[in-house]
Amino acid sequence: MSQQRPFYVIINNFAGGGRTRQTWLQLVPILQQRHLSYTENFTQAPGHATKLAYDLATKYHTTTAESPILLVLGGDGTLHEALNGLQQVPDNPIPLAYIPCGSGNDFARGVGITTDPQQALAQILAAQKPLTLDIGRCNDLQQHTVSYFSNNIGIGFDANVVHITNRSVTKKYLNKYHAGSLAYLASLVKAFFSQKAFPVTVTADGQQRQFKRGFVVTTTNHPYFGGGVPLLASASVYNHHLDLVIMERVNVFYFILLFAMMFRQWHTKMPPVHHFHVRKLHVQTSAAEYGQADGEDLGKRRFDLEFSVAHQDFWFVPNK
Ligand SMILES: Nc1ncnc2c1ncn2[C@@H]1O[C@H](COP(=O)(O)OP(=O)(O)OP(=O)(O)O)[C@@H](O)[C@H]1O
């Protein structure tokens, strides 16, 4: 299949502190030089990328015409929205291309997409066929909804960080200075002291386990969360498994030690850290906790989530 397929472009100008429009304007001449056709769509509100992707997938689901490639310019949240729009139309022919323009950009880091927009476009233009990657499927038994995630779904500390960060004026300020990850860092401290230990029940491979002092309870599709923190280096979008990492509540000094150990991947050997590598998983909390999906705030509530592996066609050549 050729790369002459047109691009249907979704641009979130609110990602990464508002630089996405400029990024897009840098890329347009490259598409024009190559005589590639594109239609541009700027998101008008949160959730709009889901609607745009859903409408596109619906349109091409029933036609034999060659479908466009859905090119997303935004952060992990915009990618999450577009992915969920596509996944609502089973067996649609639209592959997903992505140029990271967010503050965290964990998906790009996790699958080998450079954060340099021109090089990321080069990775897309070098592709000759779709690349099928694992994504997570989440059946929310509390809310009776099914959703998909490219990065992770977390309950507890990381979700608390997302909640605080998304409400913080510091994030907007730091994004302006290309230091979005620092916003997460500032929220870490606040979230650490506000996040209490909570009970969590995990059912994996037919076995139920209970943890009384849950703190980080994150099901991930690739290694990174929180803007480049290596939660689990062995997690992969190619192995048809999801990885659940549970970290129990410890004191601040132990937590700093565990955090530092993550960068050497020694944390999983420590007693407060538990790891499940499975195809299916059931995670339940009995108390209301914060949740996050791909960095999007799910609010504070009781969670009863069934996880499994799904797939999405992407369009890029990964960096080694
Ligand atoms: N027109 C809009 N006005 C306001 N918010 C929007 C608009 N379009 C999209 N959004 C919202 O912008 C939010 C942030 O987008 P996104 O997560 O992609 O960027 P980011 O937070 O900078 O990146 P990352 O998630 O990688 O840290 C998303 O929650 C999305 O719903």
Side-chain angles (χ1 to χ4, degrees), residues 16 75-77 79-80 98 100 102-116 120 133-136 149-162 164-165 174 178-189 191-192 195 202 214-250 252-278 281 283 291-296 307 309 314 316 318-320:
D76 288 315
L79 182 68
H80 175 88
Y98 176 55
S103 36
N105 297 324
D106 280 327
F107 180 75
R109 206 177 269 109
V111 303
I113 298 174
T114 172
T115 50
D116 178 306
L133 300 183
D134 296 343
I135 55 169
F149 57 99
S150 53
N151 297 353
N152 47 63
I153 291 190
I155 304 168
F157 175 67
D158 57 332
N160 204 331
V161 175
V162 166
I164 292 168
T165 308
L174 288 170
H178 303 254
S181 297
L182 273 182
Y184 283 97
L185 217 60
S187 306
L188 285 178
V189 179
F192 180 84
Q195 180 64 54
V202 174
F215 185 67
V216 174
V217 180
T218 301
T219 302
T220 193
N221 187 41
H222 66 68
Y224 298 101
F225 79 154
V229 179
L231 177 66
L232 194 78
S234 61
S236 163
V237 291
Y238 299 104
N239 62 15
H240 311 322
H241 283 68
L242 292 168
D243 292 90
L244 167 66
V245 177
I246 294 185
M247 203 180 283
E248 295 180 76
R249 184 84 165 87
V250 291
V252 66
F253 302 108
Y254 200 166
F255 182 73
I256 291 168
L257 177 71
L258 285 176
F259 193 76
M261 284 178 134
M262 274 187 178
F263 291 88
R264 293 230 163 215
Q265 292 295 297
W266 291 341
H267 61 301
T268 53
K269 296 185 176 64
M270 303 300 284
V273 180
H274 311 271
H275 171 214
F276 298 83
H277 177 69
V278 284
L281 192 62
V283 177
Q292 64 84 17
D294 292 344
E296 299 297 287
F307 293 104
V309 180
F314 284 83
F316 70 101
N319 277 337
K320 291 281 175 266

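Looking at Gln265, its side chain does come within 3.5 Å of a backbone N or O of Pro230 through a donor-acceptor pair. Here the side chain of Asp76 pairs no donor or acceptor atom with the backbone of Asp294 at under 3.5 angstrom. Without hydrogens or angle criteria, Asn239 side chain to His241 main chain gives a donor-acceptor distance under 3.5 Å. Counting only distance, with no hydrogens or angles, the side chain of Asp243 and the backbone of Asn221 share no donor-acceptor pair below 3.5 Å. In terms of modelled atom types and a separation under 3.5 Å, the side chain of His267 and the main chain of Lys269 share no donor-acceptor contact. No donor-acceptor pair under 3.5 Å is formed between the side chain of Arg109 and the backbone N or O of Pro223.
Counting heavy atoms from C-beta on, the side chains of His222 and Asp106 come closer than 4.5 Å. The side-chain heavy atoms of His275 and Leu232, taken from C-beta on, include a pair separated by under 4.5 Å. A heavy-atom distance below 4.5 Å is not found between the side chains of Thr220 and Phe225. Using a 4.5 Å cut-off on side-chain heavy atoms (C-beta onward), Phe307 and Val283 make contact. Annotation: side chain of Asn105 is in contact with side chain of Tyr98 (closest heavy-atom distance under 4.5 Å). Here the side chains of Leu244 and Val217 are in contact, with some heavy-atom distance below 4.5 Å. In this structure, Phe316 and Val111 have side chains that are in contact, with non-hydrogen atoms separated by less than 4.5 Å. The shortest side-chain heavy-atom distance between Leu258 and Met270 falls under the 4.5 Å cut-off.
Ring planes of Phe255 and Phe215: perpendicular class, angle over 60° (limits at 30 and 60°).
Here the CG-OG distance, from Asp158 to Ser187, works out to 12.5 Å after rounding to the nearest 0.5 Å. Within the model, atoms CG of Leu79 and OG of Ser150 stand 4.5 Å from one another, a figure rounded to the nearest 0.5 Å.
Between Gln292 and the choices Ile153, Asn151, Asn152, the side-chain contact (heavy atoms from CB on, under 4.5 Å) rule is met once, by Asn152.
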- Does the side chain to side chain contact (heavy atoms under 4.5 Å, CB included) test come out yes or no for Leu281 and Val202, once each step is laid out? CA-CA 7 Å; Leu281 192 62; Val202 174; 3.9 Å; yes

- Message: For a side chain to side chain contact (heavy atoms under 4.5 Å, CB included) check, start with the C-alpha distance between Leu133 and Tyr238, then their side-chain angles and the critical distance, and finish with the verdict.
- Response: CA-CA 6 Å; Leu133 300 183; Tyr238 299 104; 3.4 Å; yes

- Item | Glu248/His274 under side chain to side chain contact (heavy atoms under 4.5 Å, CB included): CA gap, chis, key distance, verdict | CA-CA 8 Å; Glu248 295 180 76; His274 311 271; 2.6 Å; yes

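Every residue meeting the side chain to side chain donor-acceptor pair (under 3.5 Å) condition with Asn160, not counting sequence neighbours, appears here in chain and number order: Ser194, Gln195. Partners of Thr219 under the side chain to side chain donor-acceptor pair (under 3.5 Å) rule, at least two apart in sequence or in another chain, do not exist in this structure.
Heavy-atom minimum distance, Thr114 versus Ala120: CG2-N, 3.3 Å. When all heavy atoms of Ala191 and Val161 are compared, the closest pair comes out as CB-CG2, 3.6 Å.
Taking the six-membered ring wherever Trp is involved, the centroid distance between the rings of Phe314 and Phe107 falls below 6.0 Å.
For the pair Arg249 and Tyr254, the cation-pi criterion (under 6.0 Å, within 45° of the ring axis) is not fulfilled.
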